[in-house]
Amino acid sequence: MTIMHDIRAIRENPAAFDAALARRGLSPMSDRVLSLDADRRARIVAAETAQADQNRASKEVGAAKARGDDAEFERLRALVAEKKADVTKLQAEASLLDGRLRDLLMEIPNLPLDSVPDGKDEADNVELRRWGSPRAFDFAPVEHFEIAGVKTGMDFETAAKLSGSRFVVLKGGVARIHRALAQFMLDLHVTRHDLQETWTPVLVLENMMVGTGQLPKFGEDSYLTREGYWLIPTSEVTLTNTVNGDLVDHATLPRRMVAHSQCFRSEAGSAGRDTTGMLRQHQFEKVEMVSITDADTGVAEHDRMTRCAEAVLEALELPYRTIVLCTGDMGFGARITHDLEVWLPGQDKYREISSVSYCGDFQARRMNARYRSEKTGKPEFVHTLNGSGLAVGRTLIAVLENGQQADGSVLLPAALHPYLGGATKLRADGGLA
RNA sequence: GGAGCAGUGGCCGAGCGGUCUAAGGCAGCGGUCUUGAAAACCGCCGGGCCAGAGAUGGUCCCGUGGGUUCGAAUCCCACCUGCUCCGCCA
């Protein structure tokens, strides 16, 4: 079976495993894991011993029959039947324990790297750096949906009629800026960062959601179709699972991909949070980066990917800060996460616009995705990383809020002008000029 | 939606109840030859789990799960995935 955590490492150093969990605010689990593991192994040994007996007797049966020794033939037949019953019983027990261990490990989050700061929640995150400085306004900046030029092009009422809450209809200049942003980001990553442009499905088989860690624990967060397809909450799911089940050629690593996709999230559990504006939607667009690396280069790749995301904000002249999430605030599959927070003058706050995570072999174990190590000649799990580069809707918000003018128009960053037919501003009436 | 076909080791592919300890090819690794390389030739060359300090041994794996059988890659059933044709359709 494929084990979701390195069971040998847990056996060797259960205290370290529990200590890592404790840093995430979880109670120790090594006792339960190891006792299940010990039982499981005992059954396996018993089952395999019985099976070896059965195989031996089974081989002799044919010989006895051939030489016409009926008494021996019957004796061996009975022996085989007896061993077979033992094997069946022991195997069933082993497989039950195996399943239990698997279920348990499946729901244990990834272990934080040593370099990740300890902490309980977002208050304990640590700022790594800031870029740019918030603009000084000579009027009171408003939130994106309050800007005059935005009001006509960001229609929540119509969206609510169509689809309910947490949806939006974009129109005119705002819609075009939204589209331009996605194109700009893709182009930047493809031409400057050497990521491979990729287009993927947004409906996936259940197993893929297990591979990247959305399932089994977080099924409530995503949409499931009648036919059994899941709607991806991010193209991290499709991009990462491109190597699901594969033994990839080491020469093809690292694989650096970028995709622009629709993302779907039920936002169960976030009722009441960010209900106005388009900060948190059931459907949104994101340009996502994924890297598949070997075990040696994953950590370095994480910094590279963070830089790729930062470059987008810098090109768009949006002030941001980069933070490293503390152990208590990190997502399920991550070993370390950098968040990029963009300055939103309307909220007078930095808000998350990108999350860049290094997952080590956590997802690879779930996917059984490996490469052949050049050093040992043995298959080893790949390492995976994912990061937003960036969330398009939130970038739209940032561009609008940071560029807003007293008259309700919005000045747009130069990098976007070529994508808007040369337009440099969103007029107060919602058109481009 | 209907009908048919298929899923074998890194890849391709044989195999149709008992030396399958899975042929053969490709790729890879080592060697012979060569100034070097290529070619040719020779050899090596799947993965998981369990035990063991190790050498090594055991066991499982031919999409997945059951079943038939003394014995299953091979027969039966269910499921998953893919392909082809038809229908519908951007």
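Proteins get letters first, then strands, A, B, ... in listed order; numbering begins at 1 in each.
Comparing the C1' positions of B/G13 and B/A73 gives an interatomic distance of 14 Å, to the nearest angstrom. Of the C1' atoms belonging to B/U21 and B/G46, the separation is 14 Å, rounded to the nearest Å. Rounded to whole Å, the C1' atom of B/G71 lies 32 Å from the corresponding atom of B/G82. Across the P atoms, B/C26 and B/A40 are found 9 Å apart, a figure rounded to whole Å. Separating the C1' atom of B/G67 from that of B/A14 is a span of 27 Å, rounded to the nearest Å. Taking atom C1' in both B/G87 and B/G1, one finds a spacing of 8 Å when rounded to whole Å. Spacing between B/U8 and B/A22 at atom C1', rounded to whole Å, works out to 8 Å. Rounded to a whole angstrom, the distance from the C1' atom of B/A55 to that of B/A39 is 40 Å.
The nearest whole Å value for the distance from the CZ atom in A/Arg365 to the P atom in B/C49 is 9 Å. Rounded to an integer number of Å, the gap from A/Asn207 CG to B/C80 P is 13 Å. The interatomic distance linking A/Asp37 (CG) with B/G48 (P) rounds to 17 Å, in whole Å. Look at CG on A/Asp249: it is 14 Å from P on B/A27, rounded to the nearest Å. The distance between atom CD of A/Glu380 and atom C1' of B/G10, rounded to the nearest whole Å, is 16 Å. The distance from atom CZ of A/Arg11 to atom C1' of B/G52 is 13 Å, rounded to the nearest whole Å. One atom, NZ of A/Lys378, and another, C1' of B/G47, lie 9 Å apart when rounded to the nearest Å. Summarising the geometry, the separation between CD1 on A/Ile7 and P on B/C50 is reported as 9 Å, rounded to the nearest angstrom.
When Watson-Crick and G-U wobble pairs are counted only if both distances are under 3.5 Å, B/G1 pairs with B/C86. Nucleotide B/A73 forms no Watson-Crick or G-U wobble pair with any nucleotide shown, as no partner meets the under 3.5 Å limit on both distances. B/G57: Watson-Crick or G-U partner is B/C50, with both key distances under 3.5 Å. Nucleotide B/C62 has no partner under the Watson-Crick or G-U criteria, as no pair reaches both atom distances under 3.5 Å. Look at B/C44: its Watson-Crick or wobble partner, with both distances under 3.5 angstrom, is B/G28. Across all strands shown, B/A38 forms no Watson-Crick or G-U wobble pair with both distances under 3.5 Å. When both distances must be under 3.5 Å, the Watson-Crick or G-U wobble mate of B/U81 is B/A6.
Side-chain polar atoms of A/Gln363 and A/Glu236 form a donor-acceptor pair below 3.5 angstrom. A/Ser357 and A/Asn386 share no donor-acceptor pair across their side chains, judged by distance under 3.5 Å alone.
Under the 3.5 Å distance criterion, the side-chain polar atoms of A/Asp155 are matched with a main-chain donor or acceptor of A/Thr158. A donor-acceptor contact shorter than 3.5 Å is absent between the side chain of A/Arg366 and the backbone of A/Thr212. Remark: side-chain polar atoms of A/Arg41 are not paired, donor with acceptor, to backbone N or O of A/Leu36 under 3.5 angstrom.
The nearest heavy atom of RNA chain B to A/Thr88 and to A/Tyr229 marks one nucleotide each, and the one closer to the 5' end goes with A/Thr88.
Under the 30°/60° scheme for interplanar angles, the aromatic rings of A/His282 and A/Phe167 are found to be tilted. Between A/His383 and A/Tyr358, the ring planes lie tilted relative to each other; the angle falls in the 30° to 60° range.
For A/Leu205, the side-chain atoms get nearest to B/U81 when compared with the rest of B/A51, B/U81, B/C49. Comparing atom distances between the A/Lys84 side chain and each of B/A51, B/G46, B/U69 picks out B/U69 as nearest. The side chain of A/Val45 lies closest to B/A51, out of B/U69, B/G46, B/A51.
A/Arg372 has a side-chain polar atom (N or O) that falls below the 4.0 Å cut-off from OP1 or OP2 of B/G47. A sub-4.0 Å separation between OP1 or OP2 of B/A51 and a side-chain N or O of A/Arg41 is present. Proximity of A/Arg102 to the phosphate of B/C49: no side-chain N or O atom is located under 4.0 Å from OP1 or OP2. For the pair A/Lys83 and B/C70, the criterion of a side-chain N or O lying under 4.0 Å from OP1 or OP2 is not met. The phosphate of B/G46 (OP1 or OP2) has no side-chain N or O of A/Arg370 nearer than 4.0 angstrom.
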Using the 3.5 Å cut-off, write out each protein N or O paired with an N or O of nucleotides 58-66 of chain B and the distance between them.
from: B/G58; atom 1: N2; to: A/Glu48; atom 2: OE1; distance (Å): 2.7
from: B/G58; atom 1: N2; to: A/Glu48; atom 2: OE2; distance (Å): 3.1
from: B/G58; atom 1: N3; to: A/Glu48; atom 2: OE1; distance (Å): 3.4
from: B/C60; atom 1: OP1; to: A/Gln51; atom 2: NE2; distance (Å): 3.2

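Remark: aromatic rings of A/Phe362 and A/Phe332 are close, center separation under 6.0 Å.
Separating the OG1 atom in A/Thr276 from the NE2 atom in A/His144 is a distance of 7.0 Å, to the nearest 0.5 Å.
Using a 4.5 Å heavy-atom threshold, the side chains of A/Ser261 and A/Lys286 count as separate.
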